[in-house]
Amino acid sequence: MMLPAVFAEDDLAQRFVAGIDEVLAPLHNVLDCLDAYFTPSLAPADFTRWLGSWVGAETDGPETSGRAAAPVGHDVPGTAPTAPSAGGPQDTEATAALRAAVNAAVRLHRIRGTRRGLSEAVRLAFGVEPEISESGAAGWDAAPLGPVPGESRPHLHVTVRLPDPGPAAEHRLERLVAAARPAHMPYTVHVTSAERTSDR
């Protein structure tokens, strides 16, 4: 902190101002970088999780396996290489998924209650494409009084295939589908193991 010339050589004034500098410098640093705190790809992971609570994002991270998450850009033995994503170079897979979920939250709210919105919400949460079957349909007919498309009894079924599903995966999928489905729609969910192919 710059002092007027009359105080520049005063030892007490210098030490007093240095103490204030030490207290206020972190605050100034945060304010200088404030826009980065509200950008999911740049914000610290804990602050990004808090942002997720603001926008109602699914922030539990991917549950594609029970293994510990590795930093993005680093390979885990026995798995395919992990592609780098926006955020810090040391972001774990879970942190990268958290940033993606917060980035997508507003867009997902626009399509909530649709098949596309449900599919994207499940993909962001689990890292795989879900299999969705439903009773609804749309169609047209040039003649009046044509057959009504879809089924008379509403239903929705979501299946997720994970490489190594954990015990909590089905409960989490049920909670996610309950939040993202059309409000009136009865639903069922199923989590199963993905098909494994032998390496030759």
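A quick note: this is a predicted structure, and the numbers were derived from the prediction, not measured. Numbers here are sequence positions counted from 1.
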### Task
Could you list the residues that satisfy side chain to side chain donor-acceptor pair (under 3.5 Å) with Arg112, not counting sequence neighbours?
none

### Task
With sequence neighbours left out, write down each residue that passes side chain to side chain contact (heavy atoms under 4.5 Å, CB included) with Asp141, or none if nothing qualifies.
Ala143, Pro147

### Message
Give me the atom names and distance for the closest heavy-atom approach of Val191 to Pro165.
### Response
CG1-CB, 3.6 Å

### Selection residues 123-135 - residue pairs positive for salt bridge (Lys or Arg N to Asp or Glu O under 4.0 Å), sequence neighbours left out
Arg115-Glu134, Arg123-Glu129, Glu131-Arg161

### Query
With sequence neighbours excluded, what pairs up with Arg116 under the salt bridge (charged side-chain N to carboxylate O under 4.0 Å, His left out) test?
Glu120

## Note on the structure
Minimal heavy-atom distance between Val160 and Leu162, with the atoms involved, is CG1-CD2, 3.5 Å

### Query
Which residues satisfy the side chain to side chain contact (heavy atoms under 4.5 Å, CB included) test with Trp54, sequence neighbours excluded?
Phe38, Trp50, Leu51

#### Entry: Which residues share a side chain to side chain contact (heavy atoms under 4.5 Å, CB included) with Arg15, sequence neighbours left out
Asp11, Leu12

### Query
Atom CZ of Phe47 and atom OG1 of Thr39: how far apart are they, to the nearest 0.5 Å?
10.5 Å

### Task
Please report the closest heavy-atom contact between Val102 and Pro40, naming both atoms and the distance.
CG1-CG, 3.7 Å

### Query
Could you state the interatomic distance from OG (Ser135) to NE2 (His155), rounded to the nearest 0.5 Å?
5.0 Å

### Task
Please examine the side chains of Pro149 and Trp140, heavy atoms only from C-beta on, and report whether any two atoms are closer than 4.5 Å.
no

### Query
Can you list the residues that meet the side chain to side chain contact (heavy atoms under 4.5 Å, CB included) rule with Ala100, with sequence neighbours excluded?
Leu124

### Task
Mind checking the CG-CG spacing from Asn29 to Leu24? Nearest 0.5 Å is all I need.
12.5 Å

### Query
Which distance, rounded to the nearest 0.5 Å, do you find between the CG of Asp21 and the CD of Gln14?
10.0 Å

Kindly list each side-chain donor-acceptor pair under 3.5 angstrom involving residues 176-188, sequence neighbours excluded, with atom names and distances?
| unit_1 | atom_1 | unit_2 | atom_2 | d |
| --- | --- | --- | --- | --- |
| Arg181 | NE | Ala178 | O | 3.4 |
| Arg181 | NH1 | Ala183 | O | 3.3 |
| Arg181 | NH1 | Met185 | O | 2.5 |
| Thr188 | OG1 | His157 | ND1 | 2.6 |

### Query
Side chains of Ile132 and Ser119: does their closest heavy-atom pair fall under 4.5 Å?
yes

### Task
Sequence neighbours left out, what passes side chain to side chain donor-acceptor pair (under 3.5 Å) with Glu174? Give chain and number order.
none

### Message
Does Phe16, at its CZ atom, have more than 12 non-hydrogen atoms belonging to other residues, nucleotides or ligands within less than 6.0 Å?
### Response
no

### Summary
In this structure, CG of Leu118 is separated from CG of Leu156 (nearest 0.5 Å) by 6.0 Å

## Note on the structure
Tightest non-hydrogen contact, residues Ala45 and Thr95, listed as CB-CG2, 3.9 Å

### Ile20 vs Val17 side-chain heavy atoms within contact, under 4.5 Å
no

### Close side-chain approach of Val30 to Asp32, heavy-atom, < 4.5 Å
no

### Task
Mark yes when over 12 heavy atoms from residues, nucleotides or ligands other than His171 sit less than 6.0 Å from its NE2; otherwise mark no.
no

## Note on the structure
Note: His190 and Leu173 closest approach over all heavy atoms is O-CD2, 3.9 Å

